[in-house]
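We're numbering straight along the sequence, starting at 1. Every number for a ligand or one of its atoms is a count from 1 in the order of the listing.
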Amino acid sequence: MRIFLDTASVAEIREMADLIDGVTTNPSLVAKEGGSFREILKEICSLVSGPVSAEVLSLETHGMVSEARQLAKVADNVVIKIPMTVAGMRAVRELSAEGIATNVTLIFSTTQALWAAKCGATFVSPFVGRIDDRAGDGMDVVDEILEVYGNYGFHTEVIVASVRHVRHVVESALLGADIATVPYKVALQLFDHPLTDEGIQRFLKDWEGVSS
Ligand code: E4P
């Protein structure tokens, strides 16, 4: 399973760039950073060779497609994030025909993911944390999407998004999701175990008596 970093922070991306497989941003994450979206995107794409998702803001097909064409010019690894709406799916069809990669975002149900795949989306992003927040089960939705895609041989890849904790990542991997996109804090927690730290300290202490 590939791990993407879910952030627009250049500092966080720079720190993890050699380990991560891609980046996802969204308008809220970009707004937190301030500055020019295009410049931030350009810098992120220069740090990471994998896919970097950048979201359009227009809500109608024509506007989405023209924003997407501009964003796609920033770098070869830009993926256009399109919201899951009827207008969005028309844009995905058009962009897919032009060879522009898309990530259909704000997916909360299996039928939404089915439509995105039928329209030729490169990626879909089910938001598991936000589903859980509303007393649903985000991982059940991921499980269903993977089964449906398997049934019909869709090539659309599933990015588990809105990840809140390490368990979401474990469950994504157990289900065979293609990618999990994780906040910086969760990315670091994936490496962490107190017994590893304790073990290193014990080995170093025991080694003190050994002569080289
Ligand atoms: C995914 O691509 C989104 O950027 C992100 O995962 C949303 O996460 P949130 O629900 O924590 O805002």
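- The ligand atoms of ligand 1 that sit less than 4.0 angstrom from a heavy atom of Phe127 are 1 (C), 3 (C), 7 (C).
- The two atoms that bring Ser109 and Ile145 nearest to each other are O-CD1, 4.4 Å, heavy atoms only.
- For the pair Glu94 and Arg90, the salt-bridge criterion is not met [side-chain N within less than 4.0 Å of a carboxylate O].
- No more than 12 heavy atoms of other residues, nucleotides or ligands shown are found within 6.0 angstrom of CD on Glu147.
- Inclusion of Thr25 in the set of residues having an N or O under 3.5 Å from an N or O of ligand 1 is not warranted.
- The shortest N/O to N/O separation between Ser162 and ligand 1 falls below 3.5 Å.
- No continuous path of hydrophobic side-chain contacts links Phe4 to Met16 [ILVMFWY only; heavy atoms under 4.5 Å].
- Counting non-hydrogen atoms of neighbouring residues, nucleotides and ligands closer than 6.0 angstrom, the NE2 atom of His62 reaches no more than 12 such neighbours.
- In the vicinity of Asn26, heavy-atom distances shorter than 4.0 Å reach the ligand 1 atoms 3 (C), 4 (O), 5 (C), 7 (C).
- Looking at Asp6 next to ligand 1, an N or O pair under 3.5 Å apart turns up.
- Taking a 6.0 Å sphere around CG of Asp76, one finds it holds 12 or fewer heavy atoms contributed by other residues, nucleotides or ligands.
- The shortest contact between atom 2 (O) of ligand 1 and any protein heavy atom is with Lys81 NZ, 2.5 Å.
- Considering only non-hydrogen protein atoms, atom 11 (O) of ligand 1 sits nearest to Arg164 NH1, 2.7 Å.
- When hydrogens are left out, the protein atom nearest atom 12 (O) of ligand 1 is Arg130 NH2, 2.8 Å; that is the closest non-hydrogen contact.
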